[in-house]
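In what follows, a structure is listed as C-alpha cells, so that the remarks can point back to it.
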Amino acid sequence: MENIVLIYNTLSRQKEEFIPLENNVVKMYVCGITAYDYCHIGHARSTVVFDVMVRYLRHVGYNVTFVRNFTDIDDKIINRANEENISSEQVAEKYIRAFYEDMDRLGILRADVEPRATTHIREMISLIQVLERKGFAYPTPSGDVYFRVRKMENYGRLSGRNIEELQSGGRVAPEEEKEDPLDFALWKSSKPGEPAWESPWGDGRPGWHLECSAMSEKYLGIPFDIHGGGQDLAFPHHENEMAQSEAAFGKQFVRYWIHNGFVRVNSEKMSKSLDNFITIRDILSGVHPQVLRFFLLTKHYRSPLDYSTQYLLEAEKAVHRVYSTIALLEKELSKSKWSQGQDYSHVEQDIQDIVRKWNQAMDDDFNTAEAIGYLFSLMRLANRMAEEKSFRKSEAGRQIMNQILSVIKEWGDVLGVFNGPCNEFLDELKSLRCVRSNIDPGLVQSLIEKRQSARKSKDFVLADKLRSELAEMGIEVMDAPDGAKWDFA
RNA sequence: GGCGGCAUAGCCAAGUGGUAAGGCAGCGGUCUGCAAAACCGCCAUUCUCCGGUUCAAAUCCGGAUGCCGCCUCCA
C-alpha cells in the first residue's frame with residue numbers, strides 16, 4: 001500500500017497509522033439508524049463521512065467489506081408503532097425505506113451487508129448463552145438478562161471513564177433485579193402485546209447493544225479493523241458492545257474506533273431530545289443534495305459542524321463554482337481543432353503538486369476540509385489557464401484540461417460530489433432556486449428576449465432598464481457571444 | 001459534581017514546533033455598450049487572555065475566561 005493513512009482512534013485518543021489485519025483487506029462496521037423516524041442532518045453527516053471513508057479506502061487500493069446495520073426493534077420503535085397504530089415491523093419498514101430514499105439522493109453507496117437486528121435473534125441468543133456460560137451474564141426472575149459490568153476488566157476504556165466515576169455519578173437509579181446499577185440489558189422480557197421472540201429466558205427482545213456484537217462478528221469476524229458511529233454512541237453503546245464482544249470471544253473486538261462529531265444548531269447539538277432537528281427531506285426540498293453533501297464535508301469529521309441556512313447557501317455557491325469550471329472545461333474540450341502550442345509542462349507540475357497535497361490531506365485522518373481547499377486551488381488554476389487563448393486552443397492545453405477533468409472526476413468519486421453530469425446539476429440547481437425565490441423562468445426568458453432585441457437596436461437605456469428589473473428579481477443576465485444566459489446572482 | 005473537546009480575519013474554515021491553506025463577503029484592476037462570470041492584486045505581523053519551555057509556538061506546558069459534548073434514548 002503506497003498510502004499511509006492516519007486514523008484518529010478513539011481507543012488511544014490519538015492518530016495512528018492505519019494497518020489492517022490482513023494486508024489490503026479492510027473490515028468495517030458502522031452503526032446505522034434506529035428506524036423510528038425520518039433521518040435528520042446529523043444522520044446525514046454520519047452516513048456521509050463514513051461513506052467517504054469507505055470510498056477513500058477503496059480509492060487507495062483497499063478491499064473494503066463494509067457493514068452498516070439497521071436497528072429494527074427497540075423501545076422507540078415500539079412507542080412509535082403504538083402512536084401510529086401500526087406494527088413495529090411496519091414502522092421499521094417505513095423508515096428504512098425513507099432512509100434509502102434520503103441517502104440515495106445524497107449519493108450514499110450501499111453497504112456490502114446491511115443486516116437487521118430482527119433477522120439475527122438466533123445469533124444474539126447464542127451470544128448471550130456464551131456470556132452466561134462464562135459468567136458475564138445473569139438472568140433475573142422476570143426474564144431479563146443483564147451483563148455483569150464489574151466482571152469486565154478495563155470497562156470504560158473506550159469512552160474514557162472508570163467504573164467508580166460512573167458509580168458516583170449517582171444518576172443511575174438501582175433497579176431491583178440488577179446486581180449492580182451499571183449492568184446493562186442483554187435481553188429484555190416482553191410485556192403483553194409487545195413484539196417478542198422465544199428464548200431460553202422466556203419471551204422477549206434483545207438489548208440494543210447486542211445486535212452490533214452479534215452481527216459484526218457474523219459478517220466480519222473478530223477482531224475487525226474499523227468500527228464507526230456518532231460521538232454519542234461511544235458511551236454507552238460502543239463501550240457496552242466492546243465489553244460484550246470481548247467477554248464473549250476473549251479477544252480484542254475492534255482495532256480502530258472512529259466517531260464523528262455532531263451537527264449543531266445555534267451551537268447546540270442537534271438531537272431528537274432537544275427537538276431542534278431538521279430532516280434531510282426538508283432540506284432537500286430547497287437545496288440540492290450535492291450541496292448538502294458538500295456542506296457536510298467542509299469541516300473535519302470529528303469537529304462539531306454548525307448548521308444554518310446561510311452556511312448552506314455558501315456551500316451552494318462553492319459547489320456552483322466547481323461545476324461552472326467543469327462546464328467551462330467541457331465546453332472548451334468539445335472543440336475539434338487543436339494547434340501546436342507552447343510547452344505547458346509547468347502546469348502539469350502544478351497539478352501534480354495539488355494532487356499530492358490532496359492525497360496527503362485525505363491520508364491524514366480523512367481531512368476533507370483541507371482537501372476541498374486544494375480542489376479550489378485546482379479550479380483557479382483551471383480557470384486561469386482557460387483564460388489564455390493560446391492554451392485553450394493548443395494540443396497541450398487540451399491534454400491538460402482533460403487531465404484536470406479526470407482529477408476532478410477522481411476526487412468527485414471519493415467525495416461523492418462533482419461526479420455527476422454538470423449540466424444536469426446546473427439545471428437542477430437553477431430550478432431549485434426558481435422555486436425558492438418564487439420565480440417563473442418563462443417570465444425571465446421573455447424579459448431577456450425583450451432586452452436582446454433592445455440591445456440589437458442599440459437601445460441601451462431600455463436594455464439596462466430590463467437588466468435592473470431582472471436584477472431586482474435576483475437574476476443576473478450574462479451576455480455572451482452565443483446569446484444571453486441567466487442565473488441567480 | 002465527574003470526564004472530555006473546542007476557541008484562527010466580518011462570516012465559514014485548514015493548519016500539533018519553523019514563521020498563517022481554501023471558501024463567502026468586501027475593496028482596486030483586466031474583460032464588457034453596461035454588467036455577470038472568470039482572472040490579477042489587496043484583505044489576520046497574527047491565531048481568546050495571562051504566564052512558562054524553546055534559537056523558534058496558533059501549534060508544547062501551567063493558569064484564567066468563554067462555548068460545547070458525554071455521564072440517560074440520541075448519528
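Chain identifiers are assigned alphabetically (A, B, ...) following the order of the sequence lines, protein sequences preceding nucleic acid strands; residue numbering begins at 1 within each chain. Keep in mind it's a predicted model, so treat the numbers as computed, not measured.
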Does [X] make a side-chain N or O approach to OP1 or OP2 of [N] shorter than 4.0 Å?
X	N	value
A:K272	B:A75	no
A:R384	B:G41	no
A:N162	B:C3	no
A:R264	B:G69	no
A:R451	B:A35	no

Tell me which nucleotide, if any, is Watson-Crick or G-U wobble paired with [N] when both distances must be under 3.5 Å.
N	answer
B:A14	none
B:C49	B:G63
B:U30	B:A38
B:C70	B:G2
B:A9	none
B:A21	none

Is there a donor and acceptor pair closer than 3.5 Å between the side chain of [X] and the base of [N]?
X	N	value
A:R45	B:A75	no
A:R455	B:G33	yes
A:R467	B:C34	yes
A:N367	B:G15	no

Original post:
Looking at A:D74 and A:K76, does any basic side-chain N land under 4.0 Å from a carboxylate oxygen?
Top reply: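 Salt bridge between A:D74 and A:K76, a charged N being under 4.0 Å from a carboxylate O: yes.
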Take atom [atom1] of [X] and atom [atom2] of [N], then tell me their distance rounded to the nearest Å.
X	N	atom1	atom2	answer
A:E469	B:A35	CD	C1'	16 Å
A:M478	B:C34	CE	P	17 Å
A:K465	B:G33	NZ	C1'	18 Å

**OP:** Answer yes or no as to whether B:G33 has its base stacked against A:F460, where stacking requires a ring-centre separation under 5.5 angstrom and planes under 30 degrees apart.
**Re:**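 The ring of A:F460 is stacked on B:G33.
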Subject >> Contacts of A:T309 that satisfy side-chain hydrogen bond (donor to acceptor under 3.5 Å, both in side chains) - sequence neighbours left out >> reply: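 Applying side-chain hydrogen bond (donor to acceptor under 3.5 Å, both in side chains) to A:T309 gives none.
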**OP:** Could you give the distance separating B:A25 and B:U16 at their C1' atoms, to the nearest angstrom?
**Re:**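 The answer is 30 Å between these two C1' atoms.
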Original post:
In whole Å, what separates the C1' atom of B:A14 from that of B:U59?
Top reply: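 The same atom, C1', in both gives a distance of 13 Å.
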Give one of base, sugar-phosphate or nothing for [X], where a contact means two heavy atoms less than 4.0 Å apart.
X	value
A:Q310	sugar-phosphate
A:K269	base
A:D479	base
A:R68	nothing
A:H300	sugar-phosphate
A:V49	nothing
A:G42	base
A:E370	base
A:N383	sugar-phosphate
A:V30	nothing
A:S271	base
A:F262	base

Original post:
From the list B:G23, B:C73, B:A35, which nucleotide is the closest neighbour of the side chain of A:E476?
Top reply: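 Ranking B:G23, B:C73, B:A35 by closest atom to the A:E476 side chain puts B:A35 first.
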Original post:
Among A:D479, A:D459, A:D464, whose salt bridge (charged side-chain N to carboxylate O under 4.0 Å, His left out) with A:R451 holds?
Top reply: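 That would be A:D479; it is the only one of A:D479, A:D459, A:D464 passing the salt bridge (charged side-chain N to carboxylate O under 4.0 Å, His left out) with A:R451.
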For residues [X] and [Y], report the shortest heavy-atom separation together with the two atoms involved.
X	Y	result
A:A117	A:D72	N-OD1, 3.3 Å
A:L329	A:A382	CD1-CB, 4.2 Å
A:R455	A:A463	CG-CB, 3.7 Å

Original post:
Do A:H238 and A:H259 have ring centroids that are under 6.0 Å from one another?
Top reply: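 Centroid distance A:H259-A:H238: below 6.0 Å, so yes.
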